[in-house]
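Here is the structure we will look at, set down as structure tokens.
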Amino acid sequence: MTSDYVTVESYHRLQARYERLMVISRQLNSTLDLGALLKLILNAATELTETEEASLLLMDPSTGELKFEAASNMTRAEMEAIPVPMDSSLAGWVTSHNEPVLVEDVREDSRWFPSVDKTTDFLTRNLLAVPMSAQNKPIGVVEAINKRDDQPWTQDDVDTLQALANQAAIAVQNARLFQQSDFIAEMVHELRTPLAALKASTTLLQRPTLPDSMRDDIVTTMQMETERLAVLTTDFLDLARLESGRTRLHTEIFDVRRLLDECTEIVRARATERSIRISVTGDHFHADADRDKIKQVILNLLTNAIKYNVEQGAIFCAVDLRDEREGCPPNCLRVSVRDTGYGISEEDQAHMFEKFFRVAATANEATGTGLGLAISKRIIEAHGCQIGLQSKLGEGTEFFFTLPYVEGIELPNRRLPGSIEWSSPEH
Ligand SMILES: Nc1ncnc2c1ncn2[C@@H]1O[C@H](COP(=O)(O)OP(=O)(O)O)[C@@H](O)[C@H]1O
Ligand SMILES: [Mg+2]
């Protein structure tokens with residue numbers, strides 16, 4: 001009697017699960033935003049397997065390496081910091097064997113790669129990992145971690161999670177393809193303008209009757225447009241890498257104040273051309289982040305503050321400890337670049353970090369691609385940090401971002417910069 005009852009009950013539970021799975025697959029197919037999609041998959045994984053946490057790893061198509069892309073129990077920075085070796089990790093095993101793995105006690109499984117728990121404060125007791133594949137090729141792994149109330153795992157759990165992973169793989173591939181096609185269309189569109197200018201210039205230059213003064217102007221235009229093409233292609237590549245998740249952060253502990261000083265020196269000459277003063281304030285706070293990428297962000301904010309400033313204006317750079325009123329997470333630094341420029345209307349502020357967005361009223365004032373801030377945002381978010389701005393039309397703008405703070409190293413750095421780059425990326 002009892003066993004019949006259990007069978008009927010488990011049958012109903014199974015049916016309910018499959019119905020839920022159907023609803024979830026419709027949801028998965030309705031979004032092409034990769035970030036949102038990964039969150040949906042995590043939620044679905046914990047819900048369907050009745051577990052506490054879930055994580056998702058994707059394989060880098062060019063290097064074949066596995067990388068955590070989403071996890072309910074880790075921050076972005078933690079995910080970046082965890083290596084997932086193909087030959088000595090559970091996820092690596094699942095991908096290379098294309099088979100699910102159920103580990104009822106991780107302490108007793110040699111494939112379990114303990115670096116995850118060492119890097120985070122999290123304790124994994126048990127987990128189920130299933131492969132995601134598309135067109136018969138592995139693309140990643142979905143993991144459901146720690147059964148709620150330490151319930152036993154069942155074959156249903158394995159089947160349901162595998163069914164979810166199959167749906168998820170298709171949705172992830174679609175989102176990736178969409179991202180690429182969308183971006184390629186925009187990119188080609190942007191490349192056409194400088195190319196058309198170059199084409200027109202060469203045609204003009206071929207006229208034998210062209211006066212010398214005009215010839216000089218045309219050559220200057222050609223130089224500018226060539227420069228623009230060079231900047232565009234670099235930006236496109238940066239952004240494409242960041243968007244596809246192929247960018248790896250190379251984090252190190254560095255002196256943020258010193259980096260600000262270094263960046264202001266790079267742009268100093270350009271500021272002086274417009275009689276703009278730059279000042280830097282703040283202690284020698286240290287951050288744990290990718291120094292080169294943060295430098296790219298600061299240089300973009302600084303060049304913007306010069307380009308969209310008034311003649312004889314000012315720029316104030318600062319590094320401070322977090323200010324909770326502004327919604328900074330605890331334990332972080334706040335870096336800011338404030339200018340006395342045109343300011344940005346509230347309506348435009350909402351689009352500031354979109355690709356190719358440039359404020360119409362000021363687009364003609366300075367050259368640019370409209371990609372600098374989109375790139376900056378992705379770099380900062382890849383660190384698990386935030387970027388934002390406050391601005392008032394006619395008064396000026398402050399851009400700020402947060403960085404992971406490394407406490408207790410406020411002494412000035414003894415080592416002087418070995419080399420200062422004098423090339424100043426134009427955004
Ligand atoms: N400090 C600023 N003050 C006013 N407007 C700004 C400022 N920074 C950026 N903007 C506006 O935001 C747009 C996008 O900036 P960005 O992505 O760096 O592109 P770009 O500098 O290539 O134009 C700029 O074109 C400009 O209209
Ligand atoms: Mg810029």
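One-based numbering, in listed order, for ligands and for the atoms of each.
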Test M352 against every option in T397, I387, L373 by the side chain to side chain contact (heavy atoms under 4.5 Å, CB included) rule and name the one that passes. L373
Is there a polar contact, in the sense of an N or O pair closer than 3.5 Å, between [X] and ligand 1?
{"X": "G343", "answer": "no"}
{"X": "G372", "answer": "yes"}
{"X": "K307", "answer": "yes"}

Under 2.8 Å from the Mg ion (ligand 2), is there an N/O/S atom belonging to T369?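 Checking the Mg ion (ligand 2) against T369, no N, O or S atom falls under 2.8 Å.
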So that I can check it, does any N, O or S atom in N304 come closer than 2.8 Å to the Mg ion (ligand 2)?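 Yes.
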May I ask you to say whether [X] pairs ionically with [Y], meaning some side-chain N is under 4.0 Å from a carboxylate O?
{"X": "R274", "Y": "E311", "value": "yes"}
{"X": "E381", "Y": "R76", "value": "no"}
{"X": "R268", "Y": "E265", "value": "yes"}

Judged by non-hydrogen atoms, does [X] sit under 4.0 Å from ligand 1?
{"X": "F353", "value": "no"}
{"X": "Y342", "value": "no"}
{"X": "G370", "value": "yes"}

I344 contact mode with ligand 1 (heavy-atom cut-off under 4.0 Å):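 Side chain only.
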Under 4.0 Å, heavy-atom basis, I'd like to know which part of D339 is in contact with ligand 1: side chain, backbone, both or neither. side chain
Let's go through L371 and F236 carefully: what are the C-alpha distance in whole Å and the side-chain angles of both, what is the deciding distance for side-chain contact (heavy atoms from CB on, under 4.5 Å) to 0.1 Å, and is it a yes or a no? CA-CA 8 Å; L371 289 175; F236 282 147; 3.7 Å; yes
Would you find more than 12 non-hydrogen atoms of other residues, nucleotides or ligands less than 6.0 Å from M86 atom CE?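 Check passes, neighbour count above 12.
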Would you say R148 has more than 12 foreign heavy atoms packed within less than 6.0 Å of its CZ?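 Yes, because the 6.0 Å sphere around CZ of R148 holds more than 12 heavy atoms from other groups.
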Which of the numbered atoms in ligand 1 are under 4.0 angstrom from any heavy atom belonging to T397? 3 (N)
Step-by-step side chain to side chain donor-acceptor pair (under 3.5 Å) determination, S55 to E143: CA-CA 5 Å; S55 56; E143 297 178 340; 2.9 Å; yes
